[in-house]
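Notes follow the structure.
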Amino acid sequence: MSIEATSNGASDILGSELISLFEKYCSFKRHPFRHAKVQAVEDTSNEWGDVAAQFLLVAEQQNLIGTARHLDPEDITMASAPFFAVADDCVRLVSVVKSNGEWVAGDSAGSETTIDVDNQNVYEAFSLRLKPSKSHNVGSIFGMLRRQVERNKRIIFEAVFATFMISVIGLSAAMYTMQVYDRVVSVNGFSTLWVLTIGVIIAILFEFLLKQTRAFIVGHTAKNIDLQVGNEIFERALDIRLDSRPPTVGTFAGQIRQFDAVRNFLTSSTLFVLADVPFGLFFIFVIYTIAGPVALVPLVMVPAAILLGLSFQKPIERLTEKHMRESNVKNGMVIEAIDGIETLKSLGSEWVASKKYQDLSDQISESEIELKILSAKATNLTQVIQQCNYVGIVASGAYLISMGDLTVGGLIACTIIAGRALAPLAQIPQLLTQWKQIKIALNALDDALKRPSDNGGVHRKLLPSKCRGNIVFENTQFAYDGNNPVLSIDGIEFQEGEKIAIVGPIGSGKSTLLKIVAGLYQPSSGSLKLDGIDASKIYPDYIHENIIYLPQDIRLFNGSLRENLILGVGNIADDKIIEAAQKTGLDSIINAHSEGLDLSITEGGLGLSGGQRQIVGLTRLILMNPKLVLLDEPTASMDGHTESKVIDVLFNAFAKDVSIIVVTHKTALLPKVQRIVVLDKGSVVLDGSSREILAKLSKQQVAK
């Protein structure tokens, strides 16, 4: 496998050398390294900072994060290794620091040299401090959000402070009105009017700037939180073990997409209602300083508005939960219908999907209308309280004016301030609806992402130095969702370099066996040993790089043919792709289209036949060059001529020590294998050499 490195024309150190050195570093530090994850790495200068930056970039592609630290010669001890040393024309990985100060260093080609103390001054040394980027100690989406809020608490505090300042400056309009009525209108003091007007305009502009600044701060913070949490949610969704994934893909996709509601809430101005509500008491205090007992009116009305909004909480939450549940079901039904449109059309059953869609739409519309009516009722009642508050302030203020204890300007100012105090409360029903949507979305995501993952919650797994491909089943059982076992195998071994066929009737557990060996399924009980190590204790990336499973139904992804071929392979030269394509016959498809390897592939590989998709999968398999090949009906969709060619390729394209395990119903594959294992009802009923098993099967057929 070759990995390309791009050149910028003015570099001294090749990107390919950096990749090789980083792989050796990962081997020393027991970090998993997978070539398929490495993207193009640029050539770089011989400055240690530039080299370190490229290493950190490769580390990020390997799901590792950390920093680089320059090492002064006097600080380097035996415990400093491994570290990197950069000279004018090379980078070396120092694996050992001897007691006499000498360095044992290796280059990208693997050759080692000893650098004595006198020659070390030509090198710039630095070390990497790396750790896995995936967090395994945060058990919930709420935990992820809380962690991000803690990281950004200074910015959030600044946004809250800006909200406070906006509320204070917002009083300027009320104060301006009071002063105009009391000091300008009554005495025609227009010079005072100009001073007041200029002052309030400056305050309005300052308020505008504060609002824009707050929106900018919150928007960028919410974006960062969204990127961090959103990426982690998607990674954890991909990390769910295949045997534990949610039964309805469409509903699960809808739950993942509901994180958009969280992002919208974080960036919405509604969020500032939470910060504005406490300032209601501050506004009431201002009214008290202006009009004394008039403050009793909003002091009663504000709690009344809050209690009214909270009284609608339960019914709003119930309807919101019902509406989101129905929306998820509808989303799942739409995805299922679109994905299976060929089956629906072939059966003439589009009307079934259409009827189901219509019924679900009717249900959603009813719950949505009910929710809107209830929210409108809560909002309208809150507005009634606001109007009553206005009437109460004006009525009580009129009495104070008649007694000379309040001016007309002061009364108008009080009505304006009271309106600001109650304005946020009108949004409580909307806030409750949004919060319930977010709560449901996060709970649904939590339930889905708590399913068993490929890593099994283990922070640091084993990383063997070499894979031989020896497989041993020890009391291995597998069952779906705690039901009766569909596979039960004990004592079966697959040795390095063996060519094995798995045969048996439909539903006997053949595909399940392959998926367990591939690490896609985990045994419900017992264990599967890979080279003597429990496979569940080994890094998944190590397993997926050395053991490749090719399913019967090859799934291609939207993009080019080249992108689909190098999926799981990494950057690789086109001549390597063409060489593999010539072996499988894929070159005829490439040559038949003017776009060649840039041939556009639609989602799912639509436009290619089942046989063509299988050839694409087989070509990719050859490019990956695994240690253990698992094939599930690899020629099921091929004609006789193509099947014969592909069979020859499969058993000749790999080295002799590569094991091949193939599930098949076709006899054309059986002469190529050395051993046949027969499964029935999840258990091994026959196991032996191909000649021996074929003879027994022939006798059984004759007996029947």
Side-chain angles (χ1 to χ4, degrees), residues 1-4 35-36 467 469 496-501 514 518 544-557 559-599 601 605 607-664 666-674:
M1 183 185 303
S2 64
I3 299 179
E4 295 178 331
H35 282 275
C467 180
E496 179 182 7
E498 276 194 300
K499 309 299 185 283
I500 304 168
L514 291 187
H544 298 324
E545 187 167 29
N546 290 284
I547 303 177
I548 304 301
Y549 167 67
L550 190 70
Q552 180 178 350
D553 184 18
I554 304 297
R555 179 82 179 188
L556 301 182
F557 296 90
S560 68
L561 178 59
R562 178 189 285 102
E563 290 170 343
N564 277 275
L565 285 172
I566 65 174
L567 187 65
V569 180
N571 293 320
I572 190 169
D574 285 350
D575 58 339
K576 298 289 185 181
I577 299 177
I578 297 301
E579 181 181 345
Q582 289 172 344
K583 293 179 180 179
T584 61
L586 182 64
D587 60 322
S588 62
I589 300 176
I590 297 173
N591 294 330
H593 290 81
S594 58
E595 294 176 318
L597 287 173
D598 292 323
L599 171 66
I601 303 294
L608 295 180
S609 68
Q612 288 175 324
R613 291 199 296 271
Q614 282 189 316
I615 290 175
V616 172
L618 290 168
T619 306
R620 182 167 57 207
L621 182 68
I622 292 174
L623 290 171
M624 297 185 78
N625 194 26
K627 186 62 181 176
L628 176 56
V629 178
L630 307 175
L631 305 170
D632 194 351
E633 299 287 358
T635 61
S637 302
M638 297 180 187
D639 58 73
H641 174 72
T642 304
E643 179 185 30
S644 176
K645 180 178 179 179
V646 167
I647 289 174
D648 289 337
V649 169
L650 281 176
F651 288 90
N652 294 293
F654 302 103
K656 290 184 178 181
D657 61 348
V658 173
S659 304
I660 298 178
I661 304 175
V662 55
V663 166
T664 183
K666 292 192 172 185
T667 58
L669 276 166
L670 300 182
K672 295 287 186 179
V673 301
Q674 307 156 346

Side-chain donor/acceptor pairs under 3.5 Å, residues 626-634, sequence neighbours excluded:
from : atom 1 : to   : atom 2 : distance (Å)
K627 : NZ     : E496 : OE2    : 3.2
K627 : NZ     : D657 : O      : 3.3
K627 : NZ     : D657 : OD2    : 2.6
D632 : OD2    : S511 : OG     : 2.6
D632 : OD2    : Y549 : OH     : 3.4
E633 : OE1    : H665 : N      : 3.4
E633 : OE2    : H665 : N      : 3.1
E633 : OE2    : H665 : ND1    : 2.5

Do any side-chain atoms of residues 590-599 form donor-acceptor pairs under 3.5 angstrom with protein atoms, and if so which ones, sequence neighbours left out?
from : atom 1 : to   : atom 2 : distance (Å)
N591 : ND2    : D587 : O      : 3.0
H593 : ND1    : I589 : O      : 3.0
D598 : OD1    : R562 : NH1    : 2.5

Q674 vs E498, side-chain contact (heavy atoms from CB on, under 4.5 Å): CA-CA, chis, key distance, verdict: CA-CA 7 Å; Q674 307 156 346; E498 276 194 300; 4.3 Å; yes

side-chain contact (heavy atoms from CB on, under 4.5 Å) assessment of D553 paired with R613: CA-CA 8 Å; D553 184 18; R613 291 199 296 271; 4.2 Å; yes

As a quick check of understanding, evaluate side-chain contact (heavy atoms from CB on, under 4.5 Å) for I601 and E563, giving each step before the final call. CA-CA 9 Å; I601 303 294; E563 290 170 343; over 6 Å; no

Full working for side-chain contact (heavy atoms from CB on, under 4.5 Å) between L623 and L621: CA-CA 5 Å; L623 290 171; L621 182 68; over 6 Å; no

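Residues forming a side chain to side chain donor-acceptor pair (under 3.5 Å) with T584 (at least two apart in sequence, or on another chain): T619.
Here CD of Q552 is found 9.5 Å from OG1 of T664. Values are rounded to the nearest 0.5 Å. Between atom CG of residue L556 and atom CD of residue Q612 there is a gap of 10.0 Å, rounded to the nearest 0.5 Å. A distance of 7.5 Å separates CD1 in I566 from OG in S560, rounded to the nearest 0.5 Å. Distance CD1/I548 to CG/N625: 10.0 Å, rounded to 0.5 Å.
Residues S659 and G497 come closest through the heavy atom pair OG-N, 2.8 Å. When all heavy atoms of L650 and F654 are compared, the pair lying nearest together is O-CD1, 3.4 Å. Taking each heavy atom of K672 and K499 in turn, the nearest pair found is O-CB, 4.2 Å. In terms of heavy-atom proximity, I622 sits nearest to A580 at CG2-CB, 4.0 Å.
Two residues are said to be in side-chain contact when any heavy atoms from C-beta on lie closer than 4.5 Å; L618 and V649 fail this criterion. Residues V662 and V673 form a side-chain contact, since some pair of their non-hydrogen atoms from C-beta on lies under 4.5 Å apart.
Of the possible donor and acceptor atoms, one in the side chain of R620 sits under 3.5 Å from a partner among the backbone N and O of N564.
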